[in-house]
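Every chain is numbered from 1, with letters handed out A, B, ... down the list of sequences.
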Amino acid sequence: MTPESETELAQIVAGLNGPVCIIGGGTRGAAGSAPALDMSRLTGIHLYEPGALTLVAAAGTSLAEVDAALDAEGQRLAFEPMDHRVLLGTRGAPTIGGVVAANISGPRRVQAGACRDFLLGVRFVDGNGTVIKNGGRVMKNVTGYDLVKLMAGSWGTLGVLSEVSLKVLPKPEAIQTLAIAVPDAARAVGLMSDALGSPFEVSGAAYDPERGQVFARIEGFADSVSYRADRLSELLARWGDITRPEAPDLWSDIRDVRGFADRAGDVWRISCRPSDAPGLAQKAGADALLFDWGGGLIWALMSEGSDLRARLGGFDGHATLVRSNQATRAQLGMFHPQPAPLAAIQQALRTRFDPQGRFNPGLMG
Amino acid sequence: MEMPAPDPKILERKPHLLARLRTVLPEDALIHDISETRAYECDALTAYRCPPMVAVLPASTQEVSDVLRICHEEGVPVVPRGSGTSLAGGALPTEDSVILGVARMNDVLETDYDNRIIRVQTGRTNLSVSGAVEERDFFYAPDPSSQLACAIAGNIAMNSGGAHCLKYGVTTNNLLGVTMVMMDGTVVEIGGAHLDAGGLDLLGVICGSEGQLGVVTEATLRILRKPEGARPVLIGFDDNAVAGECVSDIIKSGILPVAIEFMDRLCIEACENFAHAGYPKCEALLIVEVEGSEAEIDSQLGKIIEIAKRHNPVELRESGSAEESAKIWLGRKSAFGAMGQLNDYMCLDGTIPVSELSMVLRRIGELSKEYGLPVGNVFHAGDGNMHPLILFDANKPGDLEKCEAFGADILRLCVDAGGCLTGEHGVGIEKRDLMLHQYNPQDLEAQMAVKDVFDPQWLLNPAKVFPLGSSAPRRSA
Ligand SMILES: Cc1cc2nc3c(=O)[nH]c(=O)nc-3n(C[C@H](O)[C@H](O)[C@H](O)COP(=O)(O)OP(=O)(O)OC[C@H]3O[C@@H](n4cnc5c(N)ncnc54)[C@H](O)[C@@H]3O)c2cc1C
């Protein structure tokens, strides 16, 4: 099943008599065992207005094509979606629909916002094969309920995205990273809180325990970047020695968790209150850790099959199992179980949008 | 504006309902005498009024839950209310409804600078959230012009914006968690102090749901450190279209101003007469504000001025001091008041792609002539969120209807230009019947399916958002 138009997609869905896995580029590790509904042929950038900072594309359009179009105008997707191929060893070309469906964001999420914050509109096909639109292509829109947000991060479980409309932003003229040596996670998070609580618009704050360094990123016009980097250095000087590494891949490596790529074990992603991060990291008993979002995101490399959620107990946040073998995935589930009343709401929404449970069965609870 | 007929069975049982509410609320939290319920008969869309049957002012999430449980059992509609500043009639009661006001719930529950969040009860006003974190130079970014009065409750329900959301986003981009009471009294916690709540993005759909999915009693909000400084430049043009092109060019250049505000001639003149801000006489005025250190501001304003000069401005005034900045903003901030001096006005809120600005303004001008009603435009140009203000005389028979028809034409124009009916004020009752111009029945059906899940009996804030015809089968079920 490889629809080439929205109409064809709707027909296919209407005619389904069993479950399907919706696949964009198949790089995000969500595919189950049901037959594939392959979205990679539903492509094309339908509208791109650099002066209005908006781009509208068919869901199957490759991220590479989107990036290239934006690059030609000096713009980009500011939420910095990670590339899961590095961590998961998947192949294929990530699609813009996949990015949206999984609400994929990177280090800049802490300052600029998540993918869902840049999503202006969607078109999708529900489980009955009905085409539905919500939102649009303008920056501000409160007309009716915001199903746009609901679709972002729904991993295809409410409908198959056919078109997405995104806010884009100009690329910065300059980027500067400060690296500060710190001995432990508690101090790293304290330092990152100082950085993110400063007026200097830090657009990335990560801590790599193995290197024993915190990285803080500043972006913008060259004169402004150099000014803010100086001021931020003054502010952070009390935490340790500061260097300014010239490592062009530093942030994409953090974004893609490259450090865990070639190492055995399960990979978990914990979203938490930043100041809880050191304590949670300790409880996790991980083989390796990477802290992003000022501590609000912890990547944990765990020995295979460990039940991280049980180790962490209740906390302000959630843990997602990003990489594991099938058995662990089946046992623990990819997504953190929700409290009963929320789980009931989610299940009811799913039943409304996909009454026969066609889309990605078993994926999100 | 058509509203559903009140249910006589509910009205009859008012004494019974009151008796039950007395078991969970103190007497001073229960308002039921017509002389007092009148205070809740409308919000800022004052053309429509209807006192509720009862108003309650609970002081805790528990009391909200008790009230909702009782109303649910009794089948009584509930209209949540913050400060009543909605411009869309979002908080308009029906005769057989209970107004549930959260105004007494205005505590700060937690301020956490390290994690850059504040948790408040939602009756707290927008400005006083920023006020609570000012001591450490932090602020809460979304800044509706009504921020002195409006509550976080209403901001969440309407997904409100403000002049500075070009850079900082609107409410939904700054909301991390809520405590919400469902219509049956169940209390749910969604999100928290972490980014990206788990599971489906329920927070995203609750924000902007106009009080129809649950009553939000507490919220965790993102707070930000204040920039070192901010300064505007004022740019005048003798042509709306050219001003629009200038906006596009600024945005494309890579500068991200915190605000780009636009005013047309009628507004410029009204504001000038009202506030004496020293505005030039011209067709279009832009106020562009940037933030940062003094040097950063100089450099950004330099770039903006360079771009503006390519469009032959008739006036270019860079603020040189806090005093001058205040003066430049003074006129803009008094725009609604100034227009109110001219006559009654209706404020619209459609959004359009920035590229369509000049076409839409021209067409609004033509419509203004056809209807014989003047219209002034003042709006957030950076994100295309227009606020045409139509002047009319409420005492002149037929003028309100004419104004509403004109307003509807403008909103349809916004949709046809690739935009939407409302950028930040919400649908309420005001734009309810235009929804089918933007969305087809299937699109609305999907939205109503969400309502079905959260509030199966359709008791929360009924008769809003969806055209009455579309929601009728559900409301009467
Ligand atoms: C002069 C003026 C200027 C304005 N400027 C702006 C502006 O710049 N930007 C902007 O976005 N808006 C603006 N507004 C509109 C208005 O202020 C906003 O919509 C505001 O968020 C409403 O807040 P409120 O507390 O007054 O809500 P209310 O008017 O009381 O209610 C608004 C909606 O919220 C629902 N609601 C209230 N409390 C709850 C709750 N606890 N749980 C669930 N739902 C609830 C109500 O049912 C209703 O649908 C302006 C209004 C005026 C009068």
In residues 112-121 of chain A, which residues are in contact with chain B at a heavy-atom separation under 4.5 Å? Ala114(A), Arg116(A), Asp117(A)
Pair listing, side chain to side chain donor-acceptor pair (under 3.5 Å) test, anchored in residues 440-450 of chain B, at least two apart: Lys133(A)-Asp443(B), Glu445(B)-Arg474(B)
Residue among Leu166(B), Asn173(B), Val465(B), Val188(B) with most heavy-atom pairs under 4.5 Å to chain A: Asn173(B)
For Phe200(A), is there any backbone N or O sitting under 3.5 Å from a side-chain donor or acceptor partner on Arg228(A)? yes
Check whether any side-chain N or O of Gln212(B) sits under 3.5 Å from a backbone N or O of Lys451(B) as a donor-acceptor pair, and report yes or no. no
Does the side chain of Met386(B) come within less than 4.5 Å of Leu348(B)'s, by heavy atoms? no
Can you say whether Pro339(A) sits under 4.5 Å from chain B via the side chain, the backbone, both, or neither, judging by heavy atoms? neither
Scored by heavy-atom pairs under 4.5 Å with chain B, the best of Gln338(A), Glu49(A), His336(A), Arg109(A) is Arg109(A)
Proximity breakdown for Asp194(A) and chain B, heavy-atom pairs closer than 4.5 Å: neither
Identify which part of Tyr439(B) has an atom lying under 4.5 Å from any heavy atom of chain A, answering side chain, backbone, both or neither. both
Does the separation of the ring centres of Tyr145(A) and Phe466(B) fall below 6.0 angstrom? yes
For the aromatic rings, using the six-membered ring if either is Trp, is the centroid distance between Tyr168(B) and Phe139(B) under 6.0 Å? yes
Would you mind telling me which of Ile250(B), Ile251(B), Asp249(B) makes a side-chain contact (heavy atoms from CB on, under 4.5 Å) with Val247(B)? Ile251(B)
Under a 4.5 Å heavy-atom cut-off, does chain B meet the side chain of Thr130(A), its backbone, both or neither? side chain
Among the listed options Ile190(B), Thr186(B), Val354(B), Leu421(B), the residue most often paired with chain A at heavy-atom distances under 4.5 Å: Leu421(B)
Part of Ala197(B) within contact of chain A (heavy atom distance under 4.5 Å): backbone
Region of Thr157(A) that comes under 4.5 Å of a non-hydrogen atom in chain B: side chain
Under a 4.5 Å heavy-atom cut-off, does chain B meet the side chain of Lys167(A), its backbone, both or neither? side chain
Quick one: what part of Ala152(A) sits under 4.5 Å from any heavy atom of chain B, side chain, backbone, both or neither? backbone
Ser253(B) versus chain A, the contacting section by heavy-atom distance below 4.5 Å: backbone
